[in-house]
Amino acid sequence: MNRLGLRGRLLVAQIVVLLVCCVTIAAVAVAIAAPLFHNHLAMAGIEDDNVRLHTEEAFSQTIFVALLSGIAVALVGASIAAVYVVRRITAPISRLAVAAQSVAEGKYDVHIEHSDVDSDFTRLEGAFSDMAERLDHSDRVRKRLLADLAHELRTPVSTLAAYVDGLEDGVLEADGTSWAVMRDQLERLRRLAHDLSDVSAADEHALDLILAADDLSDIVCSTTTAVAPRFEERAVTLSTATPAHPVRVRVDRQRIEQILSNLLENALRHTPGGGSVAVAVTESPDHISVAVSDTGEGIPEDQLESVFDRFHRGESSDGSGLGLTIARSLARAHGGSLTARPNPLGGTILELALPGQLASDT
Ligand SMILES: Nc1ncnc2c1ncn2[C@@H]1O[C@H](COP(=O)(O)OP(=O)(O)OP(=O)(O)O)[C@@H](O)[C@H]1O
Ligand SMILES: [Mg+2]
């Protein structure tokens with residue numbers, strides 16, 4: 001029976017039901033028709049035994065032939081209908097089985113035609129499609145991540161290798177310049193390792209936050225104070241606007257500083273001398289936000305979202321393209337958001353929004 005498969009089993013079940021139906025109809029018809037016809041002959045006043053016997057025999061034969069023909073036609077018609085119905089029911093299951101087999105073999109790019117057999121089955125198809133799509137997406141992200149990572153590692157590692165070889169062969173002198181270049185490349189590798197561990201922690205939703213009551217204005221001021229000398233050096237004006245009263249929040253201070261430092265670092269990197277960067281803390285009924293607005297080169301409209309993707313970086317950047325990815329993950333871990341939009345004055349505004357209830361928690 002197992003070898004029949006679902007389709008065969010359903011067909012056999014339908015044919016068995018059909019046969020039971022036909023046999024029951026025939027048995028009941030025979031059992032009722034003969035005595036009924038006999039009674040009718042008696043009521044019609046046919047007394048002659050010979051005539052009665054012949055008439056009843058003729059009736060029995062007629063009934064027998066009619067029932068047999070009816071059953072034969074019904075069996076053929078019902079079998080055709082059963083094959084059609086069983087095919088309709090089992091085709092989507094077969095399609096799903098083929099798709100599941102592909103996914104099991106690592107081919108996630110499957111397309112499932114949605115059937116209308118049953119609402120639960122349609123839900124199953126939908127869930128399967130979503131699952132395959134997610135697996136496909138994760139697989140592509142993983143491959144891209146590995147390729148990007150290999151690319152990121154290649155430059156500092158080959159620079160270091162070239163310097164070590166040059167020093168060993170005596171082609172390069174072990175002077176301040178060589179050490180500075182090597183230290184730079186090592187620092188780049190160290191930062192990359194650090195950033196990658198943050199990105200992977202964010203992917204696993206494992207960013208540890210040490211939440212404590214704090215004043216957001218104070219966090220903003222201490223971050224801007226720390227970076228102010230570098231802005232002065234580059235002749236970029238840095239201004240800060242915060243409410244006169246403390247803005248109470250419950251956050252991980254170091255992580256918020258990390259977000260703001262990244263935004264300020266980006267703003268400085270992409271704003272030419274003579275430009276300005278303004279940091280403003282504002283409160284609204286449902287959220288508290290910190291906007292970092294610069295008058296620099298700006299982010300093209302079609303990249304306002306993709307700048308948050310891992311390893312996305314502009315041509316002029318010498319970073320690893322992970323800063324905004326980490327900053328957004330940290331903002332989300334706080335229950336907030338980080339978005340980019342064009343600055344009406346030219347340049348970009350990056351806005352960190354923290355949910356309002358953070359304030360009332362404190
Ligand atoms: N204020 C800004 N103005 C213009 N472009 C920006 C700005 N901020 C970010 N970008 C663009 O977004 C890209 C991604 O920024 P992100 O901070 O993620 O990476 P990065 O600065 O290149 O490297 P790092 O990992 O060192 O931060 C940048 O390379 C840059 O092209
Ligand atoms: Mg950056």
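Both counts, for ligands and for their atoms, begin at 1 and track the order of listing. The figures here come from the full heavy-atom set of this structure, side chains too, leaving out hydrogens, waters and symmetry mates.
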inquiry  = Need the ligand 1 atom indices (1-based, order shown) with element for anything under 4.0 Å from a heavy-atom of Ile299.
reply    = 4 (C), 5 (N), 6 (C), 7 (C), 10 (N)
ask   = Which protein heavy atom lies closest to atom 11 (C) of ligand 1, and at what distance to 0.1 Å?
value = Val307 CG1, 3.9 Å
message = Quick test of your reading of the model: are Glu305 and Arg328 salt-bridged, counting only N-O distances below 4.0 Å?
response = yes
message = Tell me the contacting part of Asn262 for ligand 1: side chain, backbone, both, or neither, using a 4.0 Å heavy-atom threshold, strictly below.
response = side chain
Proximal atoms of ligand 1 relative to His312 (non-hydrogen, under 4.0 Å) = 13 (C), 14 (C)
request  = May I ask you to decide whether Arg188 forms a salt bridge with Asp184, counting only side-chain N to carboxylate O separations under 4.0 Å?
outcome  = no
inquiry  = What I want to know is whether Gly319 and ligand 1 share at least one N or O pair that is separated by under 3.5 angstrom.
reply    = no
key: Between Gln254 and Gln258: side-chain donor-acceptor atoms closer than 3.5 Å   = no
request  = Identify which of Gly298, Gly314, Ser320, Gly347 has a heavy atom lying nearest to atom 24 (P) of ligand 1.
outcome  = Ser320
ask   = Non-hydrogen atoms of Glu265 versus ligand 1: any pair closer than 4.0 Å?
value = no
inquiry  = Below 4.0 Å, non-hydrogen atoms only: which portion of Leu324 touches ligand 1? Side chain, backbone, both or neither.
reply    = both
request  = Please state which part of Arg191 comes within less than 4.0 Å of ligand 1, counting heavy atoms only: side chain, backbone, both or neither.
outcome  = side chain
key: From Asn266, Val277, Asp294 - option closest to atom 1 (N) of ligand 1 by heavy atom   = Asp294
ask   = For ligand 1, which part of Glu315 has a heavy atom less than 4.0 Å away: the side chain, the backbone, both, or neither?
value = neither
note = Restricting to heavy atoms, the pick from Arg328, Arg313, His270 nearest atom 30 (C) of ligand 1 would be His270
inquiry  = Looking at ligand 1, would Gln303 count as a contact under a 4.0 Å heavy-atom criterion?
reply    = no
key: No-hydrogen, no-angle side-chain donor-acceptor test under 3.5 Å, Glu351 and Ser289   = yes
ask   = Does a salt bridge link Glu257 with Arg253, judged by any charged N lying under 4.0 Å from a carboxylate O?
value = yes
Could you go through residues 161-173 and list every donor-acceptor pair under 3.5 Å that involves a side-chain atom there, pairing it with any protein atom two or more places apart or in another chain?
none

ask   = Got a second to check how far Glu233's CD is from Leu268's CG, nearest 0.5 Å?
value = 9.0 Å
inquiry  = So for Gly321, does at least one of its heavy atoms come nearer than 4.0 angstrom to any atom of ligand 1?
reply    = yes
key: Numbered atoms of ligand 1 (with element) below 4.0 Å of Thr348, judged on heavy atoms   = 3 (N)
request  = Count the heavy atoms of every other residue, nucleotide or ligand shown that sit under 6.0 Å from CG of Leu36, and state whether that count exceeds 12.
outcome  = yes
ask   = In terms of residue, atom name and distance, what is the protein heavy atom nearest to atom 22 (O) of ligand 1?
value = Ser317 OG, 2.5 Å
inquiry  = Using the side chain to side chain contact (heavy atoms under 4.5 Å, CB included) definition, which of the options Leu18, Leu19, Val12 pairs with Val16?
reply    = Val12
query = Is Glu187 salt-bridged to Arg183, cutoff N-O under 4.0 Å?
reply = no
